[in-house]
Amino acid sequence: MIQFLYGVILLTAMGFAAGIGLGIAAKKFEVKEDSRVTELVKVLPGANCGLCGYPGCEAYAKAIVYKGEAIGKCVPGKKMGVEAKMKEIMARTNER
Ligand code: SF4
């Protein structure tokens, strides 16, 4: 019976150590995203229709911010008049 408890204690300690290690690694290797991506995603229609040539609104927003993609490719967004807001967001510098 005592050997069983040793096993449980050992596995619990290993779990805690792995959790702490993963937490430290997650903080150390964290990739911070440009805040404009989140803002663009909020402005875009969110239909994820793919008419812009990207698999979804977030992919299109990332392409605008990181690859310099043109702003007017979102067909539903054009009808909703989101381009001015998108241009305003892109005029700002990254405020992580
Ligand atoms: S066209 Fe507009 S709504 Fe459709 S996926 Fe692209 S960004 Fe989203």
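Index from 1, following the sequence. Order of appearance sets the numbers: ligands from 1, and atoms from 1 within every ligand.
- Atom 6 (Fe) of ligand 1 lies under 2.8 Å from an N, O or S atom belonging to C52.
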Inset, instruction - Start with the C-alpha gap between Y66 and V37, add the side-chain angles, then the distance that decides, and say whether side chain to side chain contact (heavy atoms under 4.5 Å, CB included) holds. - result: CA-CA 9 Å; Y66 298 124; V37 173; 3.9 Å; yes
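- Atoms CE and CZ, on M90 and R36 in that order, are 4.5 Å from each other to the nearest 0.5 Å.
- Note on C57: counted as a metal contact of atom 8 (Fe) of ligand 1, an N/O/S atom lying under 2.8 Å.
- Less than 4.0 angstrom separates some heavy atom of Y60 from each of these atoms of ligand 1: 7 (S).
- In the vicinity of G50, heavy-atom distances shorter than 4.0 Å reach the ligand 1 atoms 4 (Fe), 5 (S).
- By the 4.0 Å heavy-atom criterion, G77 is excluded from the residues contacting ligand 1.
- Here the closest non-hydrogen pair linking P76 and L51 is CD-CD1, 4.3 Å.
- Heavy atoms only, all atoms of each residue included: G72 and Y60 are closest at N-OH, 3.8 Å.
- The protein heavy atom nearest to atom 2 (Fe) of ligand 1 is C74 SG, 2.2 Å.
- Of all protein heavy atoms, the one lying nearest to atom 4 (Fe) of ligand 1 is C49 SG, 2.3 Å.
- For the pair L44 and A61, the tightest heavy-atom approach, listed with the atom from each and the gap, is CD1-CB, 4.2 Å.
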